[in-house]
Engineer: 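Take a look at the following structure, please.
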Amino acid sequence: VVQTLFGGTIPELSQRYGIGANKNTVHSHPFFNTVAPKNVIDDVLCQTAKLGCALTSGDFCGPLPDSILVADDSKSSSTTDPKYRLAPRFFKNAIAKSHVDFCTGQQQDAAQYLQHLLEMLDRAELSSRGKRLATTNDELQLSSRLFAFQTTSRITCSADNKVKYTDGAPEIMLSLRIPMELASPSPASEVPAESTSTSTPDQKRQKSDDNATEKDKLPLVVPLQSCLEAWGAASSIDDYRWSHLSNVSHKATSQNRFANFPRYLFVQLQRYEMGPDWVPRKIEVDVDVPETLDLEELKNKGAQEGEVLIPEENTCTSENNSASQQPSAPAIDEGAVATLMDMGFGMYGCMRALRAVGGNNVESAMNWIFEHNTDKDFNDPLPEATNIGGNITSQQSDKNSVDEGTVMSLVESLGCFTVDQVRAALKETNGSADRAGDWLFNHMDNLDDAIAALSCNETSTHDESSDNNRISQTLDDGKGQYTLVGMISHIGKNTGSGHYVCHLKKKDGKWVIFNDEKVAVSEHPPIPHAYMYLFQRNDTIGSPDARYGEF
């Protein structure tokens, strides 16, 4: 993942974190001069720039001296000896120390690591906005913006055939299911027909059995186009609640389309399934991935002629009208809130669910939560006055407010954390007691540093929110024609073991394999077997975004 992002294939990230057009070096990068020496080890921007400069400068890829080659034991290769490696341990610590899985030495999923890495970079870049990173028209170019895209769902009501369009949250990776029902044997591996003119009946039967066995072992092939068509195909949704029909449930059909095409598109193939022993296992299938891709047919075209659109709900108006018509909100039972929070849901989400079902019905509130837990405002504070236990209280828009009773209860029950530590954990988990306890135990090794990081993030909450809104409005877009420039492959049978390698396509058209410290030209890159693919939009090739090189 790191080699794919910072090894030179993506020039925008090379400009920001590597040598780039600014002619930075491994000793002189703007991020090195803007951090105190005592904070260098934990500084994400500094450690990423150090690694990016090392990967793009070529200063550390020279041949080993002849004296080393002679002195080494002939039984072991000098190029694989750990003492000649430069492992990015500080970078790994800065990125992974706050994650319960990536801070271990166990095998982890590359797609999840990519998402975590870009999230960490976004946080660090947002906190450095206007200080260590320049802004253009008060707009910060986040690293994740290079890969960010939105999808639009076209949802059709089965009762009256009216249509509504909903935009999803920005994503950085297109995850595709492999439709195994469309798999077919590889044509290149078909067994030729045997001549039967000189064969006896027994020989014919034996050859027939052998051919059947060989055909059973033939690799199955699914075109990538089939995966894309399955992603964009219409799917059925049961019991969808329609606001224009007084929230009556009817079936719906939904289709996914791209709202924009990013400069770089990561495509992840879901190559793993749950086996009968409940252990993830790899799906044995080849995917026919072309080196050029045209996604224009999957672009959202907007409302079509003859479609009747469902009017959008005006949330603010409806809330104001209901507030003016009702003297008070329904009373929310404190015991019901506590019961729902014990199940792992946030305080505001539980209160929102109880308010929707009358205030005290836990079972109905659970059903409401299952239907609405993906809503963008599910864990947001309630915007108007809420009647809790018969007392009307005004909910603050500040997400940092926590229940002091819950704080003291956790301090007494856990017994090994201070009031300030418990309060910080509750703020991070939106008031959920169970999640706060898990957060505290997961960060016990460096709890003070984790709480300090949360405090730093609080100061940039409003900036981060405005930047996220701006990202959703100004995502990069262009024609949906892409060229394959990289891929990440997993060698192994399941997600808990194995090894990752990456292949990158250079400017001369040759593929290069990066396998830890081994780098070589790949004559036959395993394109059908990769786990993640990186495509670059054709109209951006040779014209990188210069704003990523501004400091």
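What you see is a predicted model; the values in this text were computed from it and never measured. What's counted below: heavy atoms across the whole structure, side chains too, no hydrogens, waters or symmetry copies. Start at 1 with the first residue, then count along the sequence.
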Engineer: Which atom names give the shortest non-hydrogen contact between P525 and M487, and what distance separates them?
Structural biologist: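 Taking every non-hydrogen atom into account, CB-CE, 3.5 Å.
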
Engineer: Looking at every heavy atom in both A94 and V44, which two are closest together, and how far apart are they?
Structural biologist: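 Closest approach of A94 to V44, heavy atoms only: O-CG2, 4.0 Å.
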
Engineer: Testing the basics here: between D545 and Q15, what is the closest heavy-atom pair and its distance to 0.1 Å?
Structural biologist: O-OE1, 3.3 Å

Engineer: Picking from R145, K299, R263, R537, what satisfies salt bridge (Lys or Arg N to Asp or Glu O under 4.0 Å) with D477?
Structural biologist: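 Going through R145, K299, R263, R537 one by one, the salt bridge (Lys or Arg N to Asp or Glu O under 4.0 Å) with D477 is satisfied by K299 alone.
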
Engineer: So, the side chain of Y548 versus the backbone of L142: is there a donor-acceptor pair under 3.5 Å, distance only?
Structural biologist: yes

Engineer: Look at the side chain of Q47 and the backbone N and O of L45, then say whether any donor-acceptor pair between them is shorter than 3.5 Å.
Structural biologist: no

Engineer: Do R132 side-chain atoms and S127 backbone N/O form a donor-acceptor pair below 3.5 Å?
Structural biologist: no

Engineer: S522 vs V512, test: side chain to side chain contact (heavy atoms under 4.5 Å, CB included). Steps then yes/no.
Structural biologist: CA-CA 5 Å; S522 178; V512 177; over 6 Å; no

Engineer: Decide yes or no for L484 and W511: does some side-chain heavy atom of the first lie under 4.5 Å from some side-chain heavy atom of the second?
Structural biologist: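 Yes - at least one pair of side-chain heavy atoms lies under 4.5 Å apart.
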
Engineer: Can you spot which of L220, L269, V221 makes a side chain to side chain contact (heavy atoms under 4.5 Å, CB included) with V285?
Structural biologist: L220

Engineer: I want to check something: taking the side chain as every heavy atom from C-beta on, are K505 and E291 in contact at a cut-off of under 4.5 Å?
Structural biologist: yes

Engineer: Using atom types as modelled and distance alone, determine if a side-chain donor or acceptor of Y264 lies under 3.5 Å from a backbone N or O of L534.
Structural biologist: no

Engineer: Go through it in stages, so that I can follow the logic: the residues are K50 and F31, the test is side chain to side chain contact (heavy atoms under 4.5 Å, CB included), and I'd like the CA-CA distance, side-chain angles, deciding distance and then a yes or no.
Structural biologist: CA-CA 9 Å; K50 186 174 70 172; F31 288 151; over 6 Å; no

Engineer: Are a donor atom and an acceptor atom from the side chains of R154 and T152 found within less than 3.5 Å of each other?
Structural biologist: no

Engineer: Measure the shortest side-chain to side-chain distance between V1 and T4 over non-hydrogen atoms and say whether it is less than 4.5 angstrom.
Structural biologist: no

Engineer: Are the side chain of R257 and the backbone N or O of G232 linked by a donor-acceptor pair below 3.5 Å?
Structural biologist: yes

Engineer: With rounding to the nearest 0.5 Å, note down the distance linking CG in L13 to CZ in F147.
Structural biologist: 5.0 Å

Engineer: For the residue pair P219 and P185, establish whether any side-chain heavy-atom pair is separated by less than 4.5 Å.
Structural biologist: no

Engineer: Would you give the length of the straight line joining atom OG1 of T151 to atom CG of L298, rounded to the nearest 0.5 angstrom?
Structural biologist: 11.5 Å

Engineer: Taking all non-hydrogen atoms of both residues, which atom of T56 and which atom of G7 are closest, and how far apart?
Structural biologist: CG2-C, 4.2 Å

Engineer: I'd like to know whether Q481 forms a side chain to side chain donor-acceptor pair (under 3.5 Å) with T292, so could you lay out the CA-CA distance, the side-chain angles of the two residues, the decisive distance to 0.1 Å, and finally the verdict.
Structural biologist: CA-CA 7 Å; Q481 297 167 349; T292 58; over 6 Å; no

Engineer: Under a 3.5 Å distance rule, please check whether Y533 uses its side chain to pair with a backbone N or O of I527 as donor and acceptor.
Structural biologist: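 Here the side-chain-to-backbone pair exists.
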
Engineer: When you measure from the side chain of Y482 to the backbone of L265, do you find a donor-acceptor pair of N or O atoms at a distance under 3.5 Å?
Structural biologist: no

Engineer: Which label fits F6 and F91: parallel for a plane angle under 30°, tilted from 30 to 60°, or perpendicular past 60°?
Structural biologist: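 The arrangement is perpendicular - the two ring planes meet at more than 60°.
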
Engineer: Short question: side chain of Q536, backbone of V485 - any donor-acceptor pair under 3.5 Å?
Structural biologist: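 Not at all, since once roles are kept as given, no pair shorter than 3.5 Å links the two residues.
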
Engineer: Evaluate the side chain to side chain contact (heavy atoms under 4.5 Å, CB included) criterion for residues D294 and K479: first the C-alpha distance (whole Å), next the side-chain angles of each, then the deciding distance (0.1 Å), finally the verdict.
Structural biologist: CA-CA 9 Å; D294 192 344; K479 292 185 177 180; over 6 Å; no

Engineer: Locate the shortest heavy-atom distance separating N260 from F149; write the atom from each residue and the value.
Structural biologist: OD1-CA, 3.3 Å

Engineer: Report the C-alpha separation of N93 and D42 in whole Å, then their side-chain angles, then the decisive distance to 0.1 Å, and conclude whether the side chain to side chain contact (heavy atoms under 4.5 Å, CB included) test is met.
Structural biologist: CA-CA 8 Å; N93 177 72; D42 296 326; 3.7 Å; yes

Engineer: Hey, what do you get for CG (D109) to CD (Q268), rounding to the nearest 0.5 Å?
Structural biologist: 6.5 Å

Engineer: Taking the side chain as C-beta and beyond, is there a heavy-atom pair between H503 and P526 under 4.5 Å?
Structural biologist: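 Yes. Closest side-chain heavy atoms under 4.5 Å.
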
Engineer: Between Y272 and Y531, is the gap from one ring center to the other below 6.0 Å?
Structural biologist: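 Yes, close enough.
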
Engineer: Is the count of non-hydrogen atoms from other residues, nucleotides or ligands lying under 6.0 Å from E297 atom CD greater than 12?
Structural biologist: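 Counting neighbours around CD of E297, 12 or fewer heavy atoms of other residues, nucleotides or ligands fall under 6.0 Å, so no.
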
Engineer: Between D508 and K506, is there a side-chain N and carboxylate O pair less than 4.0 Å apart?
Structural biologist: no

Engineer: Using a strict cut-off of less than 4.0 Å between a Lys/Arg side-chain nitrogen and an Asp/Glu carboxylate oxygen, indicate whether E12 and R16 qualify as a salt bridge.
Structural biologist: no

Engineer: Crowded around F90 CZ? As in, over 12 foreign heavy atoms under 6.0 Å?
Structural biologist: no

Engineer: Quick one: are M180 and E273 in side-chain contact, heavy atoms under 4.5 Å?
Structural biologist: no

Engineer: Please examine the side chains of P528 and V287, heavy atoms only from C-beta on, and report whether any two atoms are closer than 4.5 Å.
Structural biologist: no

Engineer: Within this structure, what is the CD1-OG distance for the pair I155 and S254, rounded to the nearest 0.5 Å?
Structural biologist: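 Reported to 0.5 Å precision, the distance equals 5.0 Å.
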
Engineer: Starting at CG of L118, measure out to OG of S143 and round the result to the nearest 0.5 Å.
Structural biologist: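 These two atoms lie 7.0 Å from each other.
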
Engineer: Restricting to non-hydrogen atoms, name the atom on M173 and the atom on L114 that form the minimum distance, rounded to 0.1 Å.
Structural biologist: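 Nearest pair, atom of M173 first, then L114: CE-CD2, 3.4 Å.
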
Engineer: Please tell me if the side chains of L126 and R123 come closer than 4.5 Å, counting only heavy atoms from C-beta onward.
Structural biologist: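 Of all side-chain heavy-atom pairs linking R123 with L126, none is under 4.5 Å.
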
Engineer: May I ask you to decide whether E305 forms a salt bridge with K301, counting only side-chain N to carboxylate O separations under 4.0 Å?
Structural biologist: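 Salt bridge between E305 and K301, a charged N being under 4.0 Å from a carboxylate O: no.
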
Engineer: Classify the angle between the aromatic ring planes of F102 and H116 as parallel (below 30°), tilted (30 to 60°) or perpendicular (above 60°).
Structural biologist: tilted

Engineer: Calculate, to the nearest 0.5 Å, the distance between atoms CZ and CG belonging to F266 and L146 respectively.
Structural biologist: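 Reported value, rounded in 0.5 Å steps: 10.0 Å.
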
